[in-house]
S.K.: 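Just dropping this structure here.
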Amino acid sequence: MKKNFKDSISSAVNNATLTGALGKFSEAYKVNRQKAYEGIDFEALRATIADRKAYAASHLDLMADTFQARAEALGAKVFRASDPEKVKEYILKVARDNNVKTVVKSKSMASEEIHLNPYLEKNGITVNETDLGEWIIQLAGQKPSHMVMPAIHMTKEEVSDLFSKEVDERLSTDIPRLVEVARQELRSKFLAADMGISGGNLAVAETGSIVLVTNEGNARMVTTLPKVHVALVGIEKFVEKFEDIVPILTALPRSATAQLLTSYVSIISGPSQNTDGSMKELHIVLMDNRRSEMADDPKFKQAMQCIRCGSCLNVCPIFRLVGGHVFGSVYTGGIGTILTAWFDKLQESEDIQGLCIQCGNCKEVCPGKLDIPEMILEIRRRLVVDKGQGLVQKAIFSVVNNRRLFHSMLRTASITGKPFTSGKFIRHLPMFLSDLTDGRSLPAISAVPFRDRIKKIKQPACKEKAAFYAGCLIDFAYPEMGEAIVRILNKAGIELVFPDDQTCCGAPARYNGAYEVAANNAVDNIKALLKEDVKYVVSACPTCTVALKHEFISTLESMEQSEWLPQARQLSEKTCDFSMLVKQLVDEGRLSFKEGQKLGKLTYHDSCHLKRTLNVSEQPRELLQKAGYELTEMFECDMCCGMGGSYSIKLPEISAPILQRKLKNIKDTGAPVVAMDCPGCVMQIGGGFDQDGSGVKVKHTLELLADQLK
Amino acid sequence: MYDQFKVRAEAVGAEVYRLGTKAQAEEFITSFMKEQGVADRKGAYAVWAESPLLDGCDKNALALQVPGLRFDVSRELAADAKIGVSEMGWALADTGSLVADQTDIKQRLASTLPEIHVAIVGTDKVLDGKASVFSKINPANSRYIAFITGPSRTADIERVLTIGVHGPKRLVIVFVDELGGAN
């Protein structure tokens with residue numbers, strides 16, 4: 001990562017105004033969004049949107065031809081271009097042909113994308129943004145920091161300073177008063193402007209209509225008062241049919257700002273009369289700028305289903321810490337990373353793609369059904385193909401790629417780590433690694449890994465067998481978790497076998513774009529885990545479970561290694577998460593809990609992969625309650641803890657405040673114990689509480705269940 | 001459905017009234033104008049765009065009754081008006097929205113520029129939601145279809161909801177039972 005990028009992160013994270021405003025907003029957003037969607041089947045709604053948008057995206061030429069024919073029949077002029085330069089030249093020509101001196105604009109991200117304002121200004125045309133947020137950032141000479149709320153990073157004091165300068169009068173920081181100033185200032189500009197420029201939230205092919213969704217009323221003025229209206233529309237905004245507007249209009253305001261509907265929606269189909277009775281000149285510019293290429297890419301065509309609501313930003317644990325400007329580009333957040341990689345170029349996303357912690361929050365709320373984390377991984381993969389791994393990473397992955405070397409290094413670490421460990425944690429690391437233990441202790445590497453311990457455990461004769469996939473953390477840092485699993489499964493009459501040849505699940509390599517290494521890891525593990533005929537392959541690390549269940553297949557597919565795909569699918573079928581399996585065994589009556597246990601209060605942290613990829617969240621809660629714990633939910637129980645594998649090492653300045661927020665939410669419940677199902681989360685949160693000193697016990701669910709079974 | 005509409009529209013800051021006859025509605029609107037200080041000077045005009053409520057009514061008499069009330073809606077008058085009256089085609093119960101074909105620019109001017117927008121709707125024009133209205137509107141005939149939900153709003157400064165940025169600061173919705181079948 002470049003140093004200035006790291007610097008911009010540090011200054012954002014330490015900007016209390018920014019993190020305060022974004023934090024407050026994201027907390028309120030979650031609740032309000034849910035309320036706005038009450039009574040609506042979100043899954044069905046987004047399936048419809050994804051379907052309609054995907055259809056348009058796979059028929060772009062047809063959409064554009066139909067739209068053009070229809071809009072021109074109604075009297076509009078349609079200009080189609082791929083190159084942003086051509087778009088700007090065309091808009092300038094329209095302005096010159098109409099003797100335009102001043103322009104009023106309603107919000108258009110497409111115009112930001114091609115830097116239209118400076119271009120027109122350079123050519124002697126005065127441009128006024130009229131959306132309040134856009135006007136603020138125009139006066140400040142900044143870029144929007146959020147797709148829907150461009151000035152969310154600014155305080156009323158900063159706005160007051162800007163407006164004071166603009167109207168040459170010292171203004172107070174009273175927000176209604178500032179809004180009134182904007183109303184007065186911009187009203188005269190609306191009435192005087194020769195041309196209005198708008199974007200378009202939707203373009204309907206069969207009717208030649210554009211749809212504008214706003215709250216302030218500025219788009220109605222921009223499209224009504226000046227005699228010329230230019231609508232700049234990216235071709236991802238196409239839908240085929242007029243009624244396709246309905247599902248998108250149902251989702252967009254709810255997802256964007258948690259409103260049932262924005263104050264204004266305008267559907268414009270062809271020009272209508274000006275105030276002087278003449279006919280308006282309506283120009284609709286359909287801009288490609290690599291969108292059709294994107295629609296042709298099997299991995300990225302889903303990005304065309306985006307309706308630009310910004311909800312991926314609103315739920316992102318990283319975005320609420322760093323805000324939009326760290327992204328350095330017009331489009332911000334998860335979707336912004338993808339759009340920047342396409343509309344600018346892949347290399348532009350090199351730093352910002354690293355901001356994604358892969359928690360999956362965005363995927364859960366996306367009304368267009370975009371898998372943003374997956375697309376960001378694909379960007380990483382392509383960057384690595386393009387540029388190769390960094391030297392340090394190369395060294396790490398060459399180790400992970402070699403099981404024996406990797407395991408012997410971990411064993412060595414248990415000895416070399418000794419001078420720094422106290423009890424179960426490494427407290428301090430020397431010099432350049434000291435950031436790693438800032439706010440969080442790391443677990444000590446166990447002297448005897450689980451792979452050695454299990455050989456000494458005498459298991460009863462059982463009819464069924466399960467293979468245990470330990471993952472690096474349980475094997476080398478938390479072997480006692482593995483021992484607890486043996487005890488639990490033995491009680492259900494299942495013998496746990498440990499295939500010795502298992503190695504790293506490949507997640508670290510995959511999440512860093514090193515797909516070749518991940519594919520090698522996949523094949524090694526498939527061979528190891530299918531060697532013996534077992535009923536289940538069980539793992540107590542959700543990241544590993546996701547690898548075994550889903551990612552081996554997708555990695556091999558990405559690398560076009562079809563040879564091992566059938567076995568990968570076989571392994572996927574057998575793989576199950578620990579809590580899911582235990583819940584099943586309890587339901588079948590093969591495991592039961594001691595009766596009448598009163599174990600006190602406990603709170604539960606949902607791990608990202610468990611909840612959002614494996615869809616497991618109720619099972620561990622139910623098991624813990626059956627065991628005798630009293631469950632108290634924490635605020636944002638399913639928000640990422642900031643671990644994200646190597647993320648906490650690469651971006652400790654982001655990981656640390658996320659962890660602190662999590663620790664606070666846990667402490668606020670007053671529960672003395674926090675349970676979770678992921679050893680990575682145990683490492684992060686356990687390490688945090690070790691330094692925090694508040695004495696909250698951090699446990700994997702299985703450790704809490706092991707002694708409570710009959 | 002009317003009751004649900006009223007709840008939803010009021011939740012987004014609109015004011016909702018219901019009157020029985022056209023005469024009552026006319027009386028309600030003119031009194032409202034007087035109350036708001038409509039007068040024959042810049043910034044205090046009222047503009048009233050074509051509406052079935054005005055069918056068969058003596059506009060000159062109305063204008064005499066409320067000095068400053070104008071029916072010749074123009075850009076300049078609307079910009080200097082305190083109140084704009086326009087006709088809306090439908091009301092949507094699920095979101096508290098009003099919908100109209102505003103191809104006629106006078107309807108748009110009266111509902112965009114003045115500080116207060118008074119919207120007249122036939123009580124029988126309440127529909128359950130968007131899907132129903134989309135089967136009734138046709139972009140081939142209606143070049144500017146407008147949805148209006150509450151007054152103009154912004155939250156662009158510190159996420160604080162503030163009413164009345166560029167559009168009307170108040171939306172006063174007047175349902176008239178007698179106005180059936182106008183659309």
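Throughout, a chain's letter reflects where its sequence line sits, starting with A, and its residues are numbered from 1. Keep in mind the model is a prediction, meaning the values are calculated, not measured.
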S.K.: Side chain, backbone, both or neither: which part of Pro271(A) has an atom under 4.5 Å from a heavy atom of chain B?
M.R.: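 When you check distances to chain B, atoms from both the backbone and side chain of Pro271(A) fall under 4.5 Å.
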S.K.: Please classify the contact between Glu76(B) and chain A as side chain, backbone, both or neither, with a heavy-atom cut-off of under 4.5 Å.
M.R.: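 It is neither, since no heavy atom gets under 4.5 Å.
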S.K.: Which bit of Thr17(A) comes within less than 4.5 Å of chain B, counting heavy atoms only: side chain, backbone, both or neither?
M.R.: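 Neither part.
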S.K.: Mind listing the closest non-hydrogen atom pair of Leu109(B) and Ser74(B) along with its distance?
M.R.: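 In terms of heavy atoms, the two residues are closest at CD1-C, 3.9 Å.
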S.K.: Could you give the distance from CD1 (Ile248(A)) to NZ (Lys130(B)), rounded to the nearest 0.5 Å?
M.R.: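 The distance works out to 11.5 Å.
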S.K.: Where does Ile136(A) contact chain B at under 4.5 Å (heavy atoms): side chain, backbone, both or neither?
M.R.: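 Just its side chain gets close to chain B.
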S.K.: For chain B, which of Asp131(A), Leu191(A), Ile152(A) has the most heavy-atom pairs under 4.5 Å?
M.R.: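 Going by pairs under 4.5 Å, I would pick Leu191(A).
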S.K.: Counting only heavy atoms closer than 4.5 Å, note whether Arg159(B) contacts chain A via side chain, backbone, both or neither.
M.R.: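 When you check distances to chain A, only side chain atoms of Arg159(B) fall under 4.5 Å.
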S.K.: State which residue, out of Val66(B), Ile29(B), Val73(B), fulfils the side chain to side chain contact (heavy atoms under 4.5 Å, CB included) condition with Trp48(B).
M.R.: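 Of the listed residues Val66(B), Ile29(B), Val73(B), the side chain to side chain contact (heavy atoms under 4.5 Å, CB included) partner of Trp48(B) is Ile29(B).
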S.K.: Between OG of Ser263(A) and CD of Glu216(A), what distance do you get to the nearest 0.5 Å?
M.R.: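 The OG atom of Ser263(A) sits 9.0 Å away from the CD atom of Glu216(A).
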S.K.: Chain B heavy atoms under 4.5 Å from Ser209(A): which part of the residue, side chain, backbone, both or neither?
M.R.: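 When you check distances to chain B, only side chain atoms of Ser209(A) fall under 4.5 Å.
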S.K.: Between Glu166(A) and Leu139(A), which heavy-atom pair has the shortest distance, and what is it?
M.R.: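 For Glu166(A) versus Leu139(A), the nearest heavy atoms are OE1-CD2, 3.4 Å.
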S.K.: Could you tell me which of Val213(A), Leu178(A), Ile245(A) has the largest number of non-hydrogen atom pairs under 4.5 Å with chain B?
M.R.: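 With the most close heavy-atom pairs to chain B, the winner is Ile245(A).
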S.K.: Which of the residues Gly217(A), Ala21(A), Gly133(A) is involved in the greatest number of heavy-atom pairs with chain B at under 4.5 angstrom?
M.R.: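 Maximum pair count with chain B is reached by Gly133(A).
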S.K.: Students often mix this up, so state it plainly: with edges at 30° and 60°, are the rings of Phe134(B) and Phe242(A) parallel, tilted or perpendicular?
M.R.: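 Tilted.
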S.K.: Against chain B, label Leu132(A) side chain, backbone, both or neither, depending on which of its atoms sit under 4.5 Å from a heavy atom there.
M.R.: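 Its backbone and side chain both get close to chain B.
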S.K.: Is Phe25(A) in contact with chain B via its backbone, its side chain, both, or neither, using a 4.5 Å heavy-atom distance?
M.R.: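 Looking at Phe25(A), just its side chain touches chain B.
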S.K.: In terms of heavy-atom proximity below 4.5 Å to chain B, should Thr223(A) be classed as side chain, backbone, both, or neither?
M.R.: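 For Thr223(A), backbone and side chain are both near chain B.
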S.K.: Do the side chains of Lys22(B) and Glu26(B) get close enough for a salt bridge, i.e. N-O under 4.0 angstrom?
M.R.: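 No.
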S.K.: Of all of Met149(A), Arg220(A), Met221(A), which one pairs up most often with chain B through heavy atoms under 4.5 Å apart?
M.R.: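 It is Arg220(A).
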S.K.: Given a strict heavy-atom distance threshold of 4.5 Å, which part of Pro151(B) is in contact with chain A: side chain, backbone, both, or neither?
M.R.: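 The answer is the backbone of Pro151(B).
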S.K.: Looking only at heavy atoms and a cut-off of under 4.5 Å, which of Val12(B), Asp94(B), Leu113(B), Asn138(B) has the most pairs with chain A?
M.R.: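 Between Val12(B), Asp94(B), Leu113(B), Asn138(B), the count favours Leu113(B).
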S.K.: What part of Ile157(B) gets closer than 4.5 Å to chain A, counting heavy atoms only: side chain, backbone, both or neither?
M.R.: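 The answer is both parts of Ile157(B).
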S.K.: Using a heavy-atom distance cut-off of less than 4.5 Å, which residues of residues 39-46 of chain B contact chain A?
M.R.: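 Within residues 39-46 of chain B, no residue comes under 4.5 Å from chain A.
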S.K.: Given the options Val211(A), Leu212(A), Thr155(A), Val204(A), which has more heavy-atom pairs under 4.5 Å with chain B than any of the others?
M.R.: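 Among Val211(A), Leu212(A), Thr155(A), Val204(A), the one with the most close pairs to chain B is Thr155(A).
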S.K.: Please flag which part of Asp276(A) lies under 4.5 Å from any non-hydrogen atom of chain B: side chain, backbone, both or neither.
M.R.: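 Nothing of Asp276(A), per the 4.5 Å heavy-atom cut-off to chain B.
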S.K.: Identify which part of Glu180(A) has an atom lying under 4.5 Å from any heavy atom of chain B, answering side chain, backbone, both or neither.
M.R.: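 Answer is side chain: those atoms of Glu180(A) sit under 4.5 Å from chain B.
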S.K.: In terms of heavy-atom pairs under 4.5 Å with chain B, which of Gln273(A), Glu134(A), Lys24(A), Lys156(A) leads?
M.R.: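 So the answer, after comparing Gln273(A), Glu134(A), Lys24(A), Lys156(A), is Lys156(A).
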S.K.: To the nearest 0.5 Å, tell me how far Glu178(B) CD sits from Leu19(B) CG.
M.R.: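 With rounding to 0.5 Å, CD (Glu178(B)) is 11.0 Å from CG (Leu19(B)).
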S.K.: Under 4.5 Å from any heavy atom of chain B, what part of Arg187(A) do you find: side chain, backbone, both or neither?
M.R.: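 Side chain of Arg187(A) only, per the 4.5 Å heavy-atom cut-off to chain B.
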S.K.: Mind checking the OG-NE2 spacing from Ser145(A) to His153(A)? Nearest 0.5 Å is all I need.
M.R.: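 That separation rounds to 4.5 Å.
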S.K.: Top residue by heavy-atom pair count (under 4.5 Å) with chain A, among Leu171(B), Ile137(B), Val99(B)?
M.R.: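 It is Ile137(B).
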S.K.: Ignoring hydrogens, what is the shortest heavy-atom contact between Ile116(B) and Gln36(B)? Give both atom names and the distance.
M.R.: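 Between these two residues, the closest heavy atoms are CD1-OE1, 3.7 Å.
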S.K.: If the plane angle is over 60° it's perpendicular, under 30° parallel, otherwise tilted; pick one for Phe190(A) and His166(B).
M.R.: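 The rings of Phe190(A) and His166(B) stand perpendicular, inter-plane angle above 60°.
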S.K.: Step by step, would you call Asp244(A) with Phe238(A) a side chain to side chain contact (heavy atoms under 4.5 Å, CB included)?
M.R.: CA-CA 10 Å; Asp244(A) 293 341; Phe238(A) 275 130; over 6 Å; no
S.K.: Is Val159(A) in contact with chain B via its backbone, its side chain, both, or neither, using a 4.5 Å heavy-atom distance?
M.R.: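 The side chain, not the backbone.
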S.K.: Could you check whether Arg170(B) pairs with Glu15(B) (Lys NZ or Arg NE/NH1/NH2 to Asp/Glu carboxylate O, under 4.0 Å)?
M.R.: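 Result for this pair is yes, salt bridge flagged.
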S.K.: Which atoms of Gln259(A) are under 4.5 Å from chain B, going by heavy atoms: the side chain, the backbone, both sets, or neither?
M.R.: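 When you check distances to chain B, only side chain atoms of Gln259(A) fall under 4.5 Å.
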S.K.: Could you check which of Ala14(B), Ser142(B), Ser111(B) has the highest count of heavy-atom pairs closer than 4.5 Å to chain A?
M.R.: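 The option with the most such pairs is Ser111(B).
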S.K.: Return the option, out of Ile145(B), Val160(B), Thr162(B), with the maximum number of heavy-atom pairs under 4.5 Å with chain A.
M.R.: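 Max contact count across the listed options: Ile145(B).
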S.K.: Please evaluate residues Glu240(A) and Arg52(A) with respect to the criterion salt bridge (Lys or Arg N to Asp or Glu O under 4.0 Å), reporting the C-alpha separation (whole Å), side-chain torsions for both, the decisive distance (0.1 Å), and the verdict.
M.R.: CA-CA 7 Å; Glu240(A) 182 197 15; Arg52(A) 297 316 301 152; 2.5 Å; yes
S.K.: Provide the closest heavy-atom pair for Leu252(A) versus Ile307(A) in the form atom of the first, atom of the second, distance.
M.R.: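 Closest approach of Leu252(A) to Ile307(A): CD1-O, 3.6 Å.
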S.K.: Ala182(A) and Phe163(A): which non-hydrogen atoms are nearest, and at how many Å?
M.R.: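 Taking every non-hydrogen atom into account, CB-CE2, 4.1 Å.
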S.K.: What option among Thr103(B), Ile163(B), Thr112(B) has the most heavy-atom pairs under 4.5 Å with chain A?
M.R.: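 The answer is Thr112(B).
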S.K.: Would you say NZ of Lys227(A) has more than 12 non-hydrogen atoms from neighbouring residues, nucleotides or ligands within 6.0 angstrom?
M.R.: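 Result for NZ/Lys227(A): open.
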S.K.: Assess the residue pair Glu157(A) and Glu158(B) against the criterion (side chain to side chain contact (heavy atoms under 4.5 Å, CB included)); give the C-alpha distance rounded to whole Å, side-chain angles, the decisive distance to 0.1 Å, and a yes or no.
M.R.: CA-CA 10 Å; Glu157(A) 287 76 19; Glu158(B) 292 196 354; 4.1 Å; yes
S.K.: Restricting to non-hydrogen atoms, name the atom on Val148(A) and the atom on Cys309(A) that form the minimum distance, rounded to 0.1 Å.
M.R.: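 That would be CG2-O, 3.0 Å.
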